[in-house]
Every structure is written in structure tokens, then in C-alpha cells.
Number of protein chains: 2
Amino acid sequence: MTKQVRNTAAKTAVMEMLSQSSTALSHGEIYQSLAETCDRVTVYRILDRLIEEGVAHRIALSDGTVKYALCEQCGDGHHHAHSHLHFNCVLCGGVSCLEVEIPHVQLPRKYKMHDVSLVVNGLCAACNS
Amino acid sequence: MTKQVRNTAAKTAVMEMLSQSSTALSHGEIYQSLAETCDRVTVYRILDRLIEEGVAHRIALSDGTVKYALCEQCGDGHHHAHSHLHFNCVLCGGVSCLEVEIPHVQLPRKYKMHDVSLVVNGLCAACNS
DNA sequence: CATTTATTGCAACATAGTTGCAATAATTTA
DNA sequence: TAAATTATTGCAACTATGTTGCAATAAATG
């Protein structure tokens with residue numbers, strides 16, 4: 001039988017925070033916003049579990065920074081490639097998923113593509129004025 | 001007057017290593033290959049300097065891991081966007097720059113693109129047999 | 001309400017990256 | 001070639017980020 005899933009206060013708080021936020025959040029940002037009401041490690045494990053459950057996904061920015069976001073538009077829970085791009089605003093620092101098709105890239109012969117990670121840095125709509 | 005550049009044994013060794021390597025290397029990999037003949041911090045600073053000089057560039061993989069590679073095909077020293085993609089083989093773990101044009105992506109209105117980071121995970125030519 | 005076991009907190013650890021400062025050594029200049 | 005200049009290094013110390021084991025806690029099930 002498959003491992004059961006429990007909803008705890010901490011997990012609910014993390015999900016709430018991610019769902020309220022207009023930007024993807026790092027572990028540290030989440031931990032601090034929780035006013036440190038639960039352990040650092042717990043936040044890591046909750047995030048791991050949310051990803052495991054297909055509720056959230058991990059985003060690595062172009063400098064290696066890791067952020068987390070809910071899988072809003074991604075429908076049902078089954079695991080799938082997130083073939084949307086991630087936008088990182090150089091002004092406000094915000095990170096958001098843009099539901100833009102990633103154009104096909106042609107690889108050299110014999111190369112096999114599994115998945116793609118596309119991060120665009122620039123000015124978001126709010127900052128570009 | 002502009003800051004002078006000095007060539008030291010450590011710096012030469014790092015450049016040699018990067019130039020011999022068929023894959024981009026992490027700080028840790030470089031440090032260990034140097035048999036720890038120079039300090040950890042020195043390796044960080046050499047890598048920073050190589051990037052500053054436009055000789056090398058930093059690559060963040062889709063899991064946030066950071067690697068370094070020389071700017072082989074990138075010609076003269078002036079700073080420029082590296083608009084090629086980075087390929088990460090899921091089997092051998094190798095990371096290489098592929099000189100493939102990154103197709104243009106259309107952003108939503110008001111978004112302004114500065115630069116793009118594209119990482120493709122999959123099987124490299126050598127591992128795909 | 002009792003049982004099961006997923007989840008948490010804590011301690012301890014591992015890795016990655018940064019900063020200040022005094023000592024060293026690559027260039028430049030005399 | 002020797003002296004002066006200053007980029008570079010090594011060391012110590014620190015911060016940030018992520019992981020693991022284990023005992024204690026608390027959801028969910030019956």
C-alpha cells in the first residue's frame with residue numbers, strides 16, 4: 001500500500017505561503033516568513049514532500065539559487081515535465097512561471113533530450129515602466 | 001589605470017585543467033584535481049577572476065549545481081551574453097556547451113528579456129549507444 | 001480511545017561560498 | 001639585476017545551504 005499523506009499545520013502554512021506569493025520562494029524566505037515557528041529541517045522536508053506529491057516544483061535560477069513554487073496550471077497530480085519557463089526579474093528579484101511554450105531546440109546527432117530548464121532574466125511587467 | 005593581471009602557477013593550473021577537460025567542472029572538482037596544492041579560497045578567487053577577464057563562464061545546472069567552463073568559441077575578450085545552451089548528461093554527469101542557437105522565446109507584453117539560461121538534461125553522444 | 005506510523009525537532013554533520021588580513025610573489029621601474 | 005609596487009595567496013573565521021539519524025510527537029485509521 002502506498003505511503004499515507006498527512007496534513008500538518010506546518011505543511012499547510014508552507015502551502016498557504018506559496019499559494020499567496022506572487023513569486024517563487026527560497027527555503028530561507030519561507031523559513032523566515034514562518035517566523036521560525038518550525039525547524040529549518042522541517043521546512044526542507046515539507047518542500048521535498050510537496051515536490052514528491054507533485055504539488056510544488058523546484059526552480060534553479062541562472063546563478064544556482066533554488067526557489068520553490070506551486071504547480072498552479074499543471075492540473076492533476078501526476079508527475080510531468082514542467083515545460084514552462086521561469087522568469088527572474090533583475091529589479092524586484094521576483095521569480096515566476098510563465099506559461100509560454102518552450103520552442104524546440106535541435107541537438108547535435110546522437111544527443112537525446114530528456115528535459116529542459118529555461119530561465120529568462122530581465123524586467124517583469126511591473127518593473128518595466 | 002586598469003588593474004593589472006598576473007599569471008600565477010595556480011591560475012595557469014586551473015586554466016589548463018579547464019582547457020583539458022571535456023566537461024565543465026565544479027569548484028570542488030577543480031580543487032581536488034589540484035591535489036589541494038593551493039587553498040580552497042584561492043580556487044574560488046581564480047575562478048572569479050577568469051570570469052571577470054571573460055576567459056571562463058559560470059554554468060548553473062537545473063538542480064542549482066554550479067560548474068565552470070572556458071569560453072572556447074567565444075572569440076575576443078569583451079564581455080558578452082553566452083547565448084549557447086548547456087547540456088548535462090544524466091548518465092556520465094558531463095556538462096558541455098553546445099553551440100546551438102537558442103530559439104527566440106516570446107514573452108508576455110511588457111516583459112523585457114535581458115538574457116537566457118538554457119540547460120538541457122539528457123544523454124550525450126557518448127552515453128547514447 | 002488505542003494503534004500505527006508519518007512527521008517533527010534536535011543535534012550533528014557536510015558542502016558551498018565569502019571576507020579580512022598579513023605574508024608572498026609577479027610585474028614594473030629604476 | 002635589485003627595489004618598489006601591488007596582485008595574489010593562505011589562513012582563520014564566518015555565513016548560507018542542505019542532509020542524516022534518532023527519539024518524541026501527533027495525524028489518521030479502526
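Please read these numbers as outputs of a predicted model, since none were measured by experiment. Per chain, numbering begins at 1; letters A, B, ... match sequence-line order.
- Residue A:Leu47 contributes atom CG, which lies 14 Å from atom C1' of D:dT19 at whole-angstrom precision.
- Under the 30°/60° scheme for interplanar angles, the aromatic rings of B:His86 and B:His57 are found to lie parallel.
- Taking the side chain to side chain donor-acceptor pair (under 3.5 Å) definition, one finds that B:Ser62 meets it with B:Asn121, sequence neighbours left out.
- Counting only residues at least two apart or on different chains, the side-chain hydrogen bond (donor to acceptor under 3.5 Å, both in side chains) pairs with a member in residues 13-25 of chain B are B:Glu16-B:Gln20.
- Atom-to-atom, CD of A:Glu53 to P of C:dA6 comes out at 13 Å; the value is rounded to the nearest Å.
- B:Leu25 has its side chain out of reach of B:Gln32: every pair of non-hydrogen atoms, C-beta onward, lies at least 4.5 Å apart.
- Not less than 6.0 angstrom separates the ring centroid of B:Tyr68 from the ring centroid of B:His27.
- Terminal axes of the helix from C:dC1-D:dG30 to C:dA30-D:dT1 (five pairs each, C1' rotation axis) are separated by 40°, to the nearest 10°.
- To the nearest angstrom, C1' of D:dA16 lies 8 Å from OH of A:Tyr44.
- D:dT9 atom C1' lies 14 Å from atom CG of B:Asp48, rounded to whole Å.
- Counting only distance, with no hydrogens or angles, the side chain of B:Thr12 and the backbone of B:Thr8 share a donor-acceptor pair below 3.5 Å.
- In this structure, the side chain of A:Thr37 engages the main chain of A:Leu34 through a donor-acceptor pair within 3.5 Å.
- Residue B:Val66 is in sugar-phosphate contact alone, with no base atom involved, counting any heavy-atom pair closer than 4.0 Å across all strands shown.
- Rounded to an integer number of Å, the gap from CG of B:Asp63 to C1' of D:dG18 is 12 Å.
- Here B:Asp39 does not pair with B:Arg45 in a salt bridge; the nearest charged N to carboxylate O distance is not below 4.0 Å.
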Under 4.0 Å protein heavy-atom contact, by nucleotide of nucleotides 21-30 of chain C - B base, S sugar-phosphate only: ----BBS---
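- Remark: P of C:dT8 and CG of A:Leu50 are 10 Å apart, rounded to the nearest angstrom.
- Looking at A:Arg40 and A:Val43, their side chains never come closer than 4.5 Å, going by heavy atoms from C-beta outward.
- The distance between atom CZ of A:Arg49 and atom C1' of D:dA27, rounded to the nearest whole Å, is 12 Å.
- With C:dT8, D:dA7, C:dC10 as the candidates, the nucleotide lying closest to the side chain of B:Lys3 is D:dA7.
- Annotation: proximity of residues 23-40 of chain B to DNA chain C (heavy atom, distance under 4.0 Å) is found for B:Arg40, numbered in ascending order.
- In this structure, B:Ala24 and B:Glu29 approach most closely via the heavy-atom pair O-OE1, 4.1 Å.
- Here D:dT19 presents its C1' atom at 16 Å from CD1 of A:Ile46, a figure rounded to the nearest Å.
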Considering only distance and modelled atom types, tabulate donor-acceptor pairs under 3.5 Å from the side chains of residues 102-110 of chain A, sequence neighbours left out.
| from | atom 1 | to | atom 2 | distance (Å) |
| --- | --- | --- | --- | --- |
| A:Lys110 | NZ | B:Asn128 | O | 3.3 |

